[in-house]
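When reading the values below, keep in mind they use all heavy atoms of this one structure, side chains included, and skip hydrogens, waters and symmetry mates. Just so it is clear: chains get the letters A, B, ... in the order the sequence lines come, proteins before strands, and each one is counted from 1.
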Amino acid sequence: MTDFAPKSDFLRVLHERGFIHQCSDMAGLDALAVKGEAIGYIGFDCTAPSLHVGSLVQIMMLHWLQQTGNKAIALMGGGTTMVGDPSGRDETRRILTVEDIQANKRGIFSVFSRFLNFGEGPRDAITIDNAEWLTTLNWIEMLRDVGRHFSVNRMLSMDSVRLRLERDQEMSFIEFNYMILQAYDFTVLARRLGCNLQMGGSDQWGNIVNGIDLGRRMGTHQLYAVTTPLITTASGAKMGKTAAGAIWLNADQMPPYGYWQFWRNTEDADVARFLKLFTTLPMGEIARLAALQGAEINAAKITLATEATALLHGREAAEAAAETARKTFEEGTLAADLPTIELSGAEIAAGLGLLSAFVKAGIVPSTGEARRQIKSGGLRLNDAPVSDERAALAAGDFNADGIAKLSMGKKKHVLLKLV
RNA sequence: GGGGGAAUGUCCCGAGCGGCAAAGGGGGCGGACUGUAAAUCCGCUGGCUAAGCCUUCGCAGGUUCGAGUCCUGCUUCCCCCA
């Protein structure tokens with residue numbers, strides 16, 4: 001793969017930016033993409049109301065597919081989510097209700113329009129829900145048309161199944177069928193939309209290749225597979241899964257400022273890789289940023305944060321987040337658009353304890369935690385360390401605009417605003 | 001169907017002679033060092049109106065001054081035999 005020089009913009013971009021882990025047939029796919037005839041899809045589970053950063057690599061791949069003149073399909077797994085993908089899971093997924101799945105689908109779709117141009121034109125991206133064909137399948141027909149092409153012997157040898165069996169972990173029949181449905185999706189998309197490429201994370205390789213196989217047996221045109229490497233941080237942690245919660249892509253679950261901060265805090269060793277994967281900056285510019293050493297690399301992190309945030313939330317929100325961070329961290333001044341909690345004057349007059357104020361601001365989960373943080377010197381009111389657990393907020397703690405700043409650690413800041 | 005084992009601090013793993021807010025990890029949070037980085041070191045890691053009070057060891061009862069620990073029943077999971 002490394003010695004292959006793609007002729008198509010699509011594969012060249014994916015290759016130089018580090019998106020490709022495996023590909024079923026580089027030359028074959030390249031030939032299609034050169035003509036702008038690659039029609040690729042990625043399936044997205046509807047298990048949560050928003051996608052998180054972990055799905056961003058796939059979204060970026062669709063983005064590039066479209067940007068390089070090919071057709072992108074975002075497949076919503078409204079049907080497959082009812083079954084549950086066992087890949088990479090030790091335990092059976094919780095079975096979601098149909099209503100939940102529908103709600104999740106709406107939340108997830110809102111993100112795609114940021115990265116893809118949807119429409120009716122030949123180069124426009126489209127979205128489609130596999131519930132459309134999966135939910136009306138007839139069991140006997142399915143067995144005869146599709147099931148006969150699957151060898152149970154081979155299914156048992158697939159990682160997603162084998163690993164479970166080897167560890168004596170339960171795998172229910174419904175999950176066992178997941179790979180059949182995903183393979184079937186590929187052939188349906190091939191027949192309906194001329195789709196010829198499925199992309200996904202490296203854990204999807206088995207499922208995707210099954211689809212290619214099924215396509216051949218069912219007489220579709222040649223299908224192709226591309227998978228991305230599993231993206232982890234240099235320290236080995238999975239992307240986007242912090243203890244504070246996942247890094248969601250929907251703004252109502254992860255506001256632009258928080259999203260910007262996530263990228264700003266990237267480890268040094270990850271900066272270059274992430275710039276390539278998660279921004280659309282030209283490679284030359286990335287090379288320049290990647291060459292920065294020591295503390296200067298912070299400039300690259302700021303660029304990474306702003307560019308990545310701009311892709312998702314728009315340039316304006318990204319610049320605003322950058323500015324808020326600059327004021328807060330570099331100048332130490334109040335930035336008005338830090339997360340803000342409103343308080344009434346009456347609450348202050350009634351004597352709101354500082355501990356409770358920190359809880360109210362969502363900085364700590366309990367007053368007990370607030371006490372502990374005070375002991376280790378982690379809490380600050382208007383940048384002055386809090387030392388007295390029994391202190392109460394006073395009118396004097398608020399500035400002329402009726403704002404006080406509560407902080408924990410270096411990074412967590414919340415404004416209290418009198419209304 | 002028969003026999004055996006397991007469930008612990010609501011993030012995970014895990015120890016726990018009847019005196020237990022419960023060992024030890026991991027993770028996380030805070031502090032120091034730095035550059036809003038990594039690595040390292042230190043501290044913390046049930047709740048509250050806090051020298052006190054309340055609630056935790058699968059569920060429900062029981063024995064006991066006192067139960068995570070003993071007894072009974074139930075639930076779920078695993079293993080062996082059929």
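Side-chain proximity of A/K411 to B/C48, B/C29, B/U36: nearest is B/U36. The A/R380 side chain lies nearest to B/G31 when the options are B/G35, B/A50, B/G31. Here the nucleotide nearest the side chain of A/S366, chosen from B/C48, B/A50, B/A37, is B/C48. Each of B/U34, B/U49, B/G35 was ranked by its minimum atom distance to the side chain of A/K410; first place goes to B/U34.
Summarising the geometry, the separation between NZ on A/K412 and P on B/G28 is reported as 13 Å, rounded to the nearest angstrom. Rounding to whole angstrom units, CD of residue A/E330 and P of B/U36 are separated by 8 Å. Taking atom CD of A/Q373 as the reference point, atom C1' of B/U45 lies 10 Å away to the nearest angstrom. To the nearest angstrom, C1' of B/G35 lies 13 Å from CG of A/L292. Between A/R371 atom CZ and B/G52 atom C1' the separation is 12 Å, expressed in whole Å. If you take CZ of A/F358 and C1' of B/C29, they are 14 Å apart, rounded to a whole angstrom. Separating the CD1 atom of A/I374 from the C1' atom of B/G43 is a distance of 15 Å, rounded to the nearest angstrom. One atom, NZ of A/K375, and another, C1' of B/C42, lie 17 Å apart when rounded to the nearest Å.
Toward the 5′ end of RNA chain B lies the nearest nucleotide of A/I302, the other residue of the pair A/I302 and A/L355 mapping further downstream. Nearer to the 5' terminus of RNA chain B, by closest-nucleotide assignment, is the contact made by A/E369 (compared with the other of A/E369 and A/R390).
For B/G27, the paired base is B/U45 (Watson-Crick or G-U wobble, both distances below 3.5 Å). Shown here, B/G1 forms a base pair with B/C81; the pair counts as Watson-Crick or G-U wobble because both key distances fall under 3.5 Å. The partner of B/U36, taking Watson-Crick or G-U wobble pairs whose two distances both stay under 3.5 Å, does not exist in any strand shown. Nucleotide B/C59 forms a Watson-Crick or G-U wobble pair with B/G73, both donor-acceptor distances falling under 3.5 Å. Base-pair partner of B/A67: not found among the strands shown (Watson-Crick or G-U wobble, both distances under 3.5 Å).
Distance check on atom C1': B/C78 versus B/C33 gives 48 Å, rounded to whole Å. Nucleotides B/G16 and B/A82 are separated by 33 Å at their P atoms, to the nearest Å. Distance check on atom P: B/C53 versus B/C44 gives 24 Å, rounded to whole Å. The P atoms of B/U40 and B/A51 are separated by 39 Å, rounded to the nearest whole Å. Nucleotides B/A39 and B/U49 place their C1' atoms 44 Å apart, quoted to the nearest Å. Here, B/A67 and B/G19 have their P atoms 11 Å apart, quoted to the whole Å. One P atom belongs to B/G43, the other to B/C54, and the distance between them is 32 Å to the nearest Å. Separating the C1' atom of B/U8 from that of B/C13 is a span of 11 Å, rounded to the nearest Å.
Remark: the A/D185 side chain and the A/W133 side chain contain an N/O donor-acceptor pair separated by less than 3.5 Å. If you check the side chains of A/Q198 and A/Q204, you find no donor sitting under 3.5 Å from an acceptor.
A/F186 CZ to A/N207 CG: the interatomic distance, rounded to the nearest 0.5 Å, is 12.0 Å. Residue A/I73 holds its CD1 atom at 4.5 Å from CD1 of A/I126, rounded to the nearest 0.5 Å.
Looking at heavy-atom distances under 4.0 Å, A/K301 makes contact with a base. Residue-level contact check: A/L379 touches neither bases nor backbone, having no heavy atom under 4.0 Å from any strand. Within the 4.0 angstrom heavy-atom criterion, only backbone atoms of the sugar-phosphate kind lie near A/G377; the bases stay farther away. If you check every strand for non-hydrogen atoms under 4.0 Å, A/R372 touches sugar and phosphate atoms only.
A close approach under 4.0 Å does occur between a side-chain nitrogen or oxygen of A/T367 and OP1 or OP2 of B/U49.
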Given the rule in the side chain to side chain contact (heavy atoms under 4.5 Å, CB included) test, do A/L156 and A/N153 qualify, once you have shown the distances and angles that lead to the verdict?
CA-CA 5 Å; A/L156 290 173; A/N153 309 49; 6.0 Å; no
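The shortest distance between side-chain heavy atoms of A/R217 and A/D213 falls below 4.5 Å. Taking 4.5 Å as the limit, every side-chain heavy atom of A/T228 sits out of range of all side-chain heavy atoms of A/M199.
Using bins of under 30°, 30° to 60° and over 60° for the plane-to-plane angle, the ring pair A/F112/A/F118 lands in the perpendicular bin.
The base of B/U36 sits with one of its N or O atoms less than 3.5 Å from a complementary donor or acceptor on the side chain of A/Q261.
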Check residues 367-374 of chain A and write down every donor-acceptor pair under 3.5 Å in which the side-chain atom is one partner and the other belongs to a residue at least two apart or another chain.
{"from": "A/E369", "atom 1": "OE1", "to": "A/R372", "atom 2": "NH1", "distance (Å)": "2.6"}
{"from": "A/E369", "atom 1": "OE2", "to": "A/Q373", "atom 2": "NE2", "distance (Å)": "2.9"}
{"from": "A/R371", "atom 1": "NH1", "to": "A/E389", "atom 2": "OE1", "distance (Å)": "3.1"}

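The residues A/E296 and A/K301 are annotated as not salt-bridged, no charged nitrogen and carboxylate oxygen being separated by less than 4.0 angstrom.
Of the residues in residues 304-329 of chain A, those lying under 4.0 Å from RNA chain B by heavy-atom distance are A/A325, A/F329.
An anti base is found at B/C41: its glycosidic angle is more than 90° from 0.
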